[in-house]
Amino acid sequence: MRSLYPIPGNKGDRKYDSHLYPALTATAIAEPFMGAASRSILYNHLPAYLGEINPAQRAIALAIHNANRYVVGYLEAYGLFWSGCEHLKDRVLSYAGKEKSQTLLKKEIPEIYEELTKNWKEIASIVYKWMHGTQDPRLAGYYAFCIRACFGNTMRLNPTGTRFNICWHVDKLLNADGYDPAQWVRKLQAIAWNPNVFDCWEDAISAVPNPESTYCLLDPPYMCSQSERMTPCYPNHSVTTKEGMDQTFALAIDSLAAALDRGFVNISVCNYFSDLLDASIKQLAADAGYQLTAVLMGECNTLGNSNGRRIHGDRVDKRLRPVEVIYQVTRAKKVQVGIERDRFSFDQIPLFN
């Protein structure tokens, strides 16, 4: 089990293994932006220090100790989605894998499509509401169902970060189907993992007792260019204002600076590539006496609107295709780190290369 809820695209994917190295000599792992906690759960024998501003993501990590409630929540969401349409499940799922499956389903059985969409919106509304007022482990189950069943397997929010605006997809429903609840509970309970979970990245970094022997993975919300807005990553995260864009960009810089200040020896920083971000990270590493290598992972075509609009399979607009990059920041021996840095403004960010 490479994450608490296996989803495509997370940092547990094997293509990252040679780049997001945890250094086998590490005594702990820090993921100040935990996401699916895919690296920590992969090395669950090590203490983990996790930070996550999204309450639903935190609930995922905490659900390890409430596996029964977690699975109950998942099954509740699954049942709510099919409410009133249970007898048509096989018919609906028969569209999965067909060309333009969602469009075809909507055209041929519109009344069923509308009913399922209504149920989906109710589930998404429950998840968003719970994110503001509960730590019930069921929240983790509801959220996990949504992640599995939605288009792109990413719960995106509207531009102002005030509601979910991603739809279910018939092809993805297959991901959410076929679980044996009892077996799932046993697998969760068998994981010998006791993570320390905080509601912000700052506390996760500060809580690590031995940073010199702890591997630190920084995977903050990805920044964007001036012509493209990335998708909000948590409630009230806005990417439509200059302030919101500045704050998103600063997450990558400020978290790295804090990790360097603490004296972590092995750090990985994940984000999109831009000239300003590249120069900023390199400058921070150099000022602290660290070595740095940058690995371009390739184009990211699934987050936000980076894939662009298409007609008959051909791109018909000029939206940029951001390139994902992983920075490995290391040093051989401990040095005193003191960093003075300017605040960078989003206005300085050029278009992606």
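Numbers here are sequence positions counted from 1.
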Can you tell me which residue pairs pass the salt bridge (Lys or Arg N to Asp or Glu O under 4.0 Å) test with a partner in residues 59-69, sequence neighbours excluded? Arg69-Asp136
Going from CG on Leu88 to CD1 on Ile109, what distance comes out if it is rounded to the nearest 0.5 angstrom? 7.0 Å
Nearest-0.5 Å distance, CD of residue Glu76 to CD1 of residue Ile126: 8.5 Å
Looking at Leu50, is its backbone amide N or carbonyl O close enough to the side chain of Trp201 to form a donor-acceptor pair, meaning the two atoms are under 3.5 Å apart? no
Tell me whether Leu46 shares a hydrophobic cluster with Tyr21, the cluster being built from Ile, Leu, Val, Met, Phe, Trp, Tyr side chains joined at under 4.5 Å. no
Can you measure from SG (Cys216) to CD1 (Ile205) and round to the nearest 0.5 angstrom? 5.0 Å
Backbone of Asp275 reached by a side-chain donor or acceptor of Asp278 within 3.5 Å: no
For Pro209 and Tyr49, work out which heavy atoms get closest and say how close. CD-OH, 3.2 Å
Arg58 vs Asp199 side-chain heavy atoms within contact, under 4.5 Å: yes
Rounded to the nearest 0.5 Å, what separation is found between the OH atom of Tyr327 and the CG atom of Leu256? 10.5 Å
In one Ile/Leu/Val/Met/Phe/Trp/Tyr side-chain cluster, 4.5 Å: Leu218, Phe273: yes
Check whether Gln328 reaches the backbone of His19 with its side chain - one donor and one acceptor, N or O, closer than 3.5 Å. yes
Can you confirm whether more than 12 heavy atoms, excluding those of Lys98, are under 6.0 Å from its NZ atom? yes
Of all pairs that satisfy ring pair (Phe, Tyr, Trp, His ring centres under 6.0 Å), the ones with a partner from residues 88-110, not counting sequence neighbours: none
Using a 4.5 Å cut-off on heavy atoms from C-beta on, say whether the side chain of Ile326 contacts that of Thr293. no
Please report the closest heavy-atom contact between Trp193 and Ala37, naming both atoms and the distance. CH2-CB, 4.0 Å
Considering only heavy atoms from C-beta outward, does the side chain of Tyr290 approach that of Leu260 to under 4.5 Å? yes
Do Cys270 and Leu217 come within less than 4.5 Å of each other through their side chains, counting heavy atoms only? yes
Asn271 versus Phe249: any side-chain heavy-atom pair under 4.5 Å? no
Should the ring pair Phe151 and His169 be called parallel, tilted or perpendicular, given that the plane angle runs from 0 to 90° and is split at 30 and 60? tilted
Shortest non-hydrogen separation from Ala176 to Ala149 and the atoms involved: CB-CB, 4.3 Å
Salt bridge check: are Glu86 and Lys89 linked by an N-O gap of less than 4.0 Å? no
Less than 4.5 Å apart, any side-chain heavy atom of Thr214 and any of Phe264? yes
Would Ser268 and Tyr215 count as a side chain to side chain donor-acceptor pair (under 3.5 Å) here? Give the steps. CA-CA 8 Å; Ser268 293; Tyr215 169 70; 3.0 Å; yes
Could you check whether the rings of Phe164 and Tyr128 sit parallel, tilted or perpendicular, using 30° and 60° as the cut-offs? perpendicular
So which heavy atom on Pro220 is nearest to which on Leu251, and how close? CB-CB, 4.0 Å
Taking the six-membered ring for Trp, are Tyr78 and Phe145 parallel (under 30°), tilted (30 to 60°) or perpendicular (over 60°)? perpendicular
Heavy-atom side-chain contact between Glu122 and Leu80 under 4.5 Å: yes
State whether the side chain of Asn119 and the backbone N or O of Ser83 hold a donor-acceptor pair below 3.5 Å, judged by distance alone. yes
Hey, any chance Tyr16 and Leu42 share a hydrophobic cluster, counting ILVMFWY side chains that come within less than 4.5 Å of each other, even indirectly? yes
Taking side chain as C-beta onward, heavy atoms only, is Phe81 less than 4.5 Å from Leu116? yes
Is it true that a side-chain atom of Arg262 and a backbone atom of Ser206 form a donor plus acceptor pair closer than 3.5 Å? yes
Quick one: do Val72 and Tyr142 end up in the same hydrophobic cluster if we chain Ile, Leu, Val, Met, Phe, Trp and Tyr together by side-chain heavy atoms under 4.5 Å apart? no
Validation: residues 24-34 side-chain donor-acceptor distances under 3.5 Å, sequence neighbours left out:
| unit_1 | atom_1 | unit_2 | atom_2 | d |
| --- | --- | --- | --- | --- |
| Thr27 | OG1 | Ser213 | O | 3.2 |
| Thr27 | OG1 | Ser213 | OG | 2.8 |
| Glu31 | OE2 | Arg39 | N | 3.4 |
| Glu31 | OE2 | Ser40 | N | 2.8 |
| Glu31 | OE2 | Ser40 | OG | 2.7 |

What's the shortest heavy-atom distance between Ala96 and Leu174, and which atoms? CB-CD1, 3.6 Å
Looking at Tyr113 versus Trp168, is the centre-to-centre ring distance below 6.0 Å? yes
Closest non-hydrogen atoms of Gly263 and Arg331, given as atom of the first, atom of the second and distance, are O-NH2, 2.9 Å
Spacing of CG belonging to Leu75 relative to OH belonging to Tyr70, to within rounding of 0.5 Å: 11.0 Å
Given side chain to side chain donor-acceptor pair (under 3.5 Å), test Asp171 with Ser101 step by step and report yes or no. CA-CA 7 Å; Asp171 289 343; Ser101 56; 3.1 Å; yes
Would a single hydrophobic cluster contain both Val323 and Leu276, if residues Ile, Leu, Val, Met, Phe, Trp and Tyr are joined by side-chain heavy-atom contacts under 4.5 Å? yes
Return the CZ to CG distance between Arg148 and Leu173, rounded to the nearest 0.5 Å. 11.0 Å
Please step through side chain to side chain contact (heavy atoms under 4.5 Å, CB included) for the pair Asn266 and Val329, ending with a clear verdict. CA-CA 6 Å; Asn266 291 318; Val329 186; over 6 Å; no
So does Cys200 get a backbone contact from the side chain of Glu52, meaning a donor-acceptor N/O pair under 3.5 Å? no
Go through the steps for Ile281 and Leu292 under the test side chain to side chain contact (heavy atoms under 4.5 Å, CB included), then give the verdict. CA-CA 9 Å; Ile281 289 178; Leu292 181 146; 3.5 Å; yes
